[in-house]
Amino acid sequence: SVAFGLCTEHASLQPITEKSDVYSFGMVLLEVLTGRHPLDPTLPGGAHLVQWVRNHLSSKGDPSDILDTKLRGRVDPTMHEMLQTLAVSFLCVSNKVYERPTMKDVVTMLKEIRPLEKGRP
């Protein structure tokens, strides 16, 4: 099942809250964007998907390198939208529960994702 291993809150039998649901939603987005399972054995050092993304971004790696290889090389507007979605997913999987957005805010952020306009950096 897709939900298996998605959320540390669910796995640890802590009460399920809106914020744990937001975490799970963020995990699903990360899975879709990276093409990887949360416990993918091919991740360096046996890292969890969230930790792998976190390590990559903190080392100033190119965010597009996180994307599924099948998604890379798309035209700029599409790539821009995927990277914006990646940013939303990363907010959802914050270690600090109080920093995670509400689902209402997640929906608003996703609705606001727009292609990069020509002439805009």
Side-chain angles (χ1 to χ4, degrees):
S1 131
V2 173
F4 178 76
L6 284 183
C7 180
T8 55
E9 285 91 351
H10 292 205
S12 66
L13 300 176
Q14 292 182 11
I16 295 174
T17 66
E18 179 189 7
K19 296 295 182 143
S20 61
D21 286 346
V22 167
Y23 184 97
S24 295
F25 183 76
M27 283 303 307
V28 170
L29 286 179
L30 279 179
E31 284 184 86
V32 169
L33 291 167
T34 64
R36 295 177 179 265
H37 185 275
L39 302 175
D40 187 328
T42 65
L43 292 173
H48 184 277
L49 181 60
V50 173
Q51 191 58 50
W52 175 70
V53 171
R54 200 171 273 130
N55 292 346
H56 182 81
L57 296 176
S58 68
S59 69
K60 306 291 187 229
D62 182 349
S64 64
D65 289 343
I66 294 169
L67 299 176
D68 187 330
T69 54
K70 295 177 217 146
L71 299 176
R72 293 185 204 154
R74 303 284 176 152
V75 293
D76 284 342
T78 304
M79 183 64 71
H80 182 72
E81 290 175 4
M82 286 187 289
L83 292 175
Q84 289 179 81
T85 305
L86 178 65
V88 172
S89 70
F90 206 61
L91 290 172
C92 293
V93 296
S94 173
N95 281 337
K96 298 175 181 158
V97 174
Y98 62 87
E99 288 184 355
R100 295 178 197 159
T102 63
M103 264 325 282
K104 181 179 179 182
D105 291 339
V106 170
V107 170
T108 299
M109 287 185 276
L110 291 173
K111 283 181 174 181
E112 290 175 354
I113 291 176
R114 299 282 183 262
L116 188 63
E117 295 174 18
K118 289 185 180 184
R120 242 179 73 193

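Side chains included, hydrogens not; waters and symmetry mates left out as well; all remaining heavy atoms used.
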Practice problem: Check whether Val93 and Leu33 end up in the same hydrophobic cluster, where Ile, Leu, Val, Met, Phe, Trp and Tyr are linked by side-chain heavy atoms less than 4.5 Å apart. | Solution: yes
Self-check item: Joint hydrophobic cluster, Val32 plus Val88, side-chain heavy atoms closer than 4.5 Å
Solution: no
Quiz item: Looking only at heavy atoms, what is the nearest atom pair of Arg100 and Ser94, with distance?
Solution: NE-O, 2.8 Å
Quiz item: Can you tell if the side chain of Thr85 reaches within under 4.5 Å of the side chain of Leu29, non-hydrogen atoms only?
Solution: yes
Quiz item: Hey, quick one: are Phe25 and Ile113 part of the same hydrophobic cluster, counting side-chain heavy atoms closer than 4.5 Å, chains of contacts allowed?
Solution: yes
Self-check item: Heavy-atom check, side chain of Leu83 versus side chain of His80, under 4.5 Å
Solution: no
Quiz item: When hydrophobic residues are tied together by side-chain contacts of less than 4.5 Å, even through go-betweens, does Val106 share a cluster with Val28?
Solution: no
Quiz item: What are the two closest heavy atoms between Gly26 and Ser89, and how far apart are they?
Solution: O-CB, 3.7 Å
Self-check item: Arg54 CZ to Leu57 CG distance, which is reported to the nearest 0.5 Å
Solution: 9.5 Å
Practice problem: Would you give the length of the straight line joining atom CE of Met82 to atom CG of Leu67, rounded to the nearest 0.5 angstrom? | Solution: 5.5 Å
Practice problem: Considering non-hydrogen atoms only, spot the tightest contact between Pro101 and Leu91 and give its length. | Solution: CD-O, 3.5 Å
Quiz item: Which heavy-atom pair separates Val50 from Met27 by the least distance, and what is that distance?
Solution: CG2-SD, 3.2 Å
Quiz prompt | Heavy-atom donor-acceptor pair, Gln84 side chain to Arg114 backbone, under 3.5 Å | solution = yes
Quiz item: What is the minimum heavy-atom distance between Leu49 and His37, and which atoms define it?
Solution: CB-O, 4.1 Å
Quiz item: Shortest non-hydrogen contact from Gln51 to Ala47?
Solution: CB-CB, 4.4 Å
Exercise. Could you give me the CA-CA distance, side-chain angles and deciding distance for Asp21 and Met103, then say whether side-chain contact (heavy atoms from CB on, under 4.5 Å) is met?
Key: CA-CA 8 Å; Asp21 286 346; Met103 264 325 282; 5.5 Å; no
Quiz item: Are Ile66 and Trp52 side-chain neighbours, meaning at least one heavy-atom pair lies under 4.5 Å?
Solution: yes
Exercise. Report the distance from atom NE2 of His56 to atom CG of Leu43, rounding to the nearest 0.5 Å.
Key: 12.5 Å
Quiz item: In Å, rounded to the nearest 0.5 Å, how long is the span from NZ of Lys70 to CG of Asp68?
Solution: 5.0 Å
